[in-house]
Every structure is written in C-alpha cells, then in structure tokens.
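Below is one structure; the comments refer to it alone.
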Amino acid sequence: MRRPLSGLLARRSWVCLQCRAHSTSPSVHTGSKKTNLPNFPARTRFAPSPTGYLHLGSLRTALFNYLLARRTGGQFLLRIEDTDQKRTIPDAEQRLYDDLQWAGLQWDEGPSIGGPYGPYRQSERTALYRTHAHDLINNGHAYRCFCSADRLDTLARHRSQAGLAPGYDRTCADISAAESEERASKGDTHVVRLKVEGYPMFDDLVYGKTGQNRSPNKLDLIDRVYDDPILLKSDGHPTYHLANVVDDHHMKITHVIRGTEWMPSTPLHVALYNAFQWTPPRFGHVPLLVDQSGQKLSKRNADIDLSYFKDRQGVFAATLVNFAALLGWSHTQKSDVFSLEELEQIFNLKITRGNTVVAFEKLWFLQKAHAQRFAATGGPEFDAMVSKVSQVVSDTYSAKELTPLLQSRSLNQYIAPLLRADAKSYTTATDFIPISTLHTAAAALMLVPEPHWTIETHKANITSYDGSSALEDQDPSPPTTPEDASKTKKSIDKTFKKELYHYLRWALSAGAAGPGIPETMVILGRKESLRRLQEARDLTREDGESMRRAKKEVDAGSAERALGGDRGWMGSLAGGV
Ligand code: GLU
C-alpha cells in the first residue's frame, strides 16, 4: 500500500501562484476567495455505500476530496457507509478499495489502515449513533415515536389522496419523558425523530448561499404536519442522516464535497449539527454528470463502473483520473493533461455550477497524451503498455507467424520501440495492433531468401497475402449475409494491400514513381531492400511529427502527395522491422 502523502506536501518547496505573492516560506495554499481553498489543512472524506461499484461520478467525488486534502496538506479519509445492509452488494466494498487504489487515491485513514477516529465502517459504530440519538432526546431535539406502521401508512395515504405533501403530525412529540422511557424499556417498537424547528440556509462552496430557510411545519387543510425525519430506525440502526453527521463530526471532517443529489439533505444535516451544537463542515456540491443530450449519466449512457474503463477499454488510471478531474473543475493552466501528482499541486475549488456534460472524445485525447508521456519517460506504465500490446499480438498471431519477424528478440523487445515511435496513436492495445499488422506484413515480404528473390515470388507473395485476415478486427459492422461478408473481406483486403504498397514504395524508393514493387525489390536486390527498410524505420523514429502530419494527409485521401516528398506516415508502421 502506498505511503500516505499527508505532511509531504507541506515540506515541498512548491508554492502556488496566489500564495507566492504573500508568502516567502514554502507552504500549502493559504486560502483565497477566488479558489475557495481553506487556509488550513482540510480533512475530507469519501463515504461510499457498498450498494454499488465505483463509477465515473463517484470517482470524481472521491478525487475532488482527495485533491482538496492533498492540496492543503490535510488528510483524506475513506468511510464505508453500510447502514443499508439490505442493499449491500457482497463484493462492493473490496471493489471500492481496489478501484480507489488503482486510481491512486490512497486514503490516509479508513478501513484496513485504521486511524485515530475509527472504526471507519458505519456498521461497527452503531452504539455511537444510539448514544447520540439519546443525547438529542435528552436535550429536547428528538423524541421517540411509537406510531405503528399502519397508522403512518394511513396518514400518508390520507395526505396523498388529498394531494398533500407527506408529513408527520407529531402525535408522539407530546409523550412525557417518563412515559417514553418506560415504553422504550418495555420494548415498545419505536423510532427516534428529530424535532425540526427550522431548516437553515447554508453557504455552499460551489453554489453560494443556498437552502430555502423554510419552516418544516406545514399548516394545511387537514392538519399541522412536520418533517421530523427519522434518525434511528425501529431496529435500532441509524438512518444515513444521523450516521453521516455524527461521523463527519467525530472524524473532524472540515469539508464535504459530494454530488448535488445530496443537496436537498444538507439543510437537514445543518439542522442536526445545530441540535448537537456542533459546527458543521463546509459543504461543496458538485454538479450532475450528463451526456451530450443533457440526460443524467446512467448505466445506459456510460456511467458504468470503473471496470468498464480499466478492464474492458484499457484506459490508464492516469487518463481516467485526469478525465474525471476536468468534469466540472476549471483551471487556468495551458494544457488539460495532468498526472495525479500535478493535480495535487494545482487543484482548487473553482467548480462550475450547472450540469457537467461528459464528452468521451476527451477521454481518448487524454489517453493518447498519457501514452506519449509514458513512452517518453519509460517506467512501469510504459512496461504495462508494452505487455498489453504483446499480449494482444500473441493472442492474434501464431508463433509460426511471429518467429521470423522476431528473430532473436522477445515480443516485448519488438513492441517497445514500435510503441515508443508511435505512442501518439495509442488508445488501446487492441487498436494498436493493426499498426503492427501492416508492419508485420511488410517485414514478412522481405523474408524471401536470396535464391527466391524474384519478381514472380514477390508478386505471388503480395497477391496471396490475405489483408482481410490481417485487418479483420477493424471491421466496425459485422456483415449480415455471406455475400456481404465476402464483399467486406474483399474491400478490407484491398485497403490493406493499398497501404502495404504505399509503405513499400515509400520505404524502398522514397515514394518516387517507377517500376512496380516486386520489380523494385529485384532491381535493388535483397540486401539493399532490407537496408532501405531498416533506414526507413530509423528515420521514422526521429520524425514523429512529420509522420503524423503526413498520416492526416493520407487519411484525407492524398496518399501519393503525403508519401512522395516526406518519409511520412507509413514509416511509423516500420518501427520494429
Ligand atoms: N453514503 C453516501 C453515498 O453513498 C454519502 C453521501 C455523502 O457524501 O454525504 O454517496
């Protein structure tokens, strides 16, 4: 497990721009109205319920809390809110730990590592919640409610039929303390309700002054009713509201960053803090994530759990974290590409109000950017990229096909330079393969031994090469009839061969028009052909930028132009010949 970073930041020599003006000593952020950052170390928490897995929205919530703690030299806590045992999914808790660690969001206090204010799983803190519910009964801010489920049902039905909002008529609020105690000790089923006298406004870090400051008492045509939310259920377990407030207080949380779906609960939470006479933390609600058409992200439109991104799509942790950070947070840096460590240095609470549109093109843009960074610096992330691509290659090609190409190299040794040369195009290991496929084909044609180095052999080899099998993974829409299938195969084969020709012409004769490829190969001879292919590969390694430019031209249909003057895009495919 990674060492907690708390404290480290305070010792770093980096000082943010705003603070630099006021401070000469290395320090954490000293607070600013503009950035909404506190001038003290924030204690934040991520408080998931193990009723589901981590998804994009909850990753963002965890990340913002993590970053706020890191940026201010504070602590980030993980608390498992498992009060709803019925909806708990057995492996959700473990998956949450795994996913957070995968993303690099190591908590400073929480399950498995403990901390001074544990336990950090709510199901292990029930006694504490009961004590606090009783404290509120004793100070008059809460009361036991013995109303039967039947009575409450009737009341609710009655009100709903009359078109009125739900509410409780406070029948039990008038039961004397002595009677209430006695009935409870006899085992009479009851809940504990908060006696809400008012819902205060609060100053949200994102939305500013908010809440309705409304009286919870509603005098309507039927009766006077009250909100009086339940704090302790009839089974003696706390509701989310009680447990959440008690824990945030005892765990000394200074800032609660959470989704706007919790905003309607916040006035109630503030009322609870007031009833306990505790100072509430600062709240910041982050906007909803929506798709391009304004729909809330759901399982149907990509608010899928993290395993989809990390396992199915092969998105790097750095990419997803970077992507999540940009959802609703604005910065003034020149580029949007940040590692987690960089985010820890620049994060602030300049969070936009209003729904955040999630555009997945950005995810792939960031993925390529991080791939390039990994390729440039090497290290474990780059090694993982190489292994993944190698895995896909060895799953796709037989050893017989690979051995002549690899010669004495391992697959990893073959893939690494290829990836280094063309990391800009890397999105996923599977998508990277067609690139190595073309390259493999070109190299394979060169494997003809000297005695067979003839126009006829080359012609036959090129003709018999099945480009459709080489590129079949690229076909986006599977054909529906055998005729369609054969048509598709033919067209893929044609495209592939065209690309192969371009590549060979470029590599062997710098794109100059002249005799056909087989003829050129014979005129040059085996040794010279191989030398030129090798040279082409070396050139493309140095020439990443022109390669990209040329590829764009090729994509736009001007292949000849692109391949003519500039040892352009195809060279990128020759990375490992
Ligand atoms: N347990 C709540 C959840 O699952 C936490 C809400 C909060 O952060 O207060 O999102």
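Both backbone and side-chain heavy atoms feed into the values below; hydrogens, waters and symmetry mates do not. For ligands, and for the atoms within them, numbers begin at 1 and follow the listed sequence.
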What is the ring orientation for Phe347 with Phe64, classed by angle as parallel under 30°, tilted 30 to 60°, or perpendicular over 60°? tilted

For Asp204, is there an ion pair with Lys209 - N to carboxylate O distance below 4.0 angstrom? no

Using the test ring pair (Phe, Tyr, Trp, His ring centres under 6.0 Å), find all partners of Tyr120 that sit at least two apart in sequence or belong to another chain. none

For Phe316, enumerate each residue passing the ring pair (Phe, Tyr, Trp, His ring centres under 6.0 Å) test, keeping only those at least two apart in sequence or located in another chain. Phe374, Tyr426

Which pairs of nitrogen or oxygen atoms, taken one from ligand 1 and one from the protein, are under 3.5 angstrom apart?
residue: ligand 1; atom: 1 (N); partner: Ala47; partner atom: O; Å: 2.9
residue: ligand 1; atom: 1 (N); partner: Ser49; partner atom: OG; Å: 3.1
residue: ligand 1; atom: 1 (N); partner: Glu81; partner atom: OE1; Å: 2.6
residue: ligand 1; atom: 4 (O); partner: Ser49; partner atom: N; Å: 3.4
residue: ligand 1; atom: 4 (O); partner: Ser49; partner atom: OG; Å: 3.2
residue: ligand 1; atom: 8 (O); partner: Arg45; partner atom: NH1; Å: 2.6
residue: ligand 1; atom: 9 (O); partner: Arg45; partner atom: NH2; Å: 3.0
residue: ligand 1; atom: 9 (O); partner: Tyr240; partner atom: OH; Å: 3.0
residue: ligand 1; atom: 9 (O); partner: Asn244; partner atom: ND2; Å: 3.0
residue: ligand 1; atom: 9 (O); partner: Arg258; partner atom: NH1; Å: 2.8
residue: ligand 1; atom: 10 (O); partner: Trp262; partner atom: NE1; Å: 3.4

Under the side chain to side chain donor-acceptor pair (under 3.5 Å) test, residues paired with Ser123 that sit two or more places apart: Asp82

Lys/Arg-Asp/Glu bridge criterion (N-O < 4.0 Å) met for Arg95, Asp305: yes

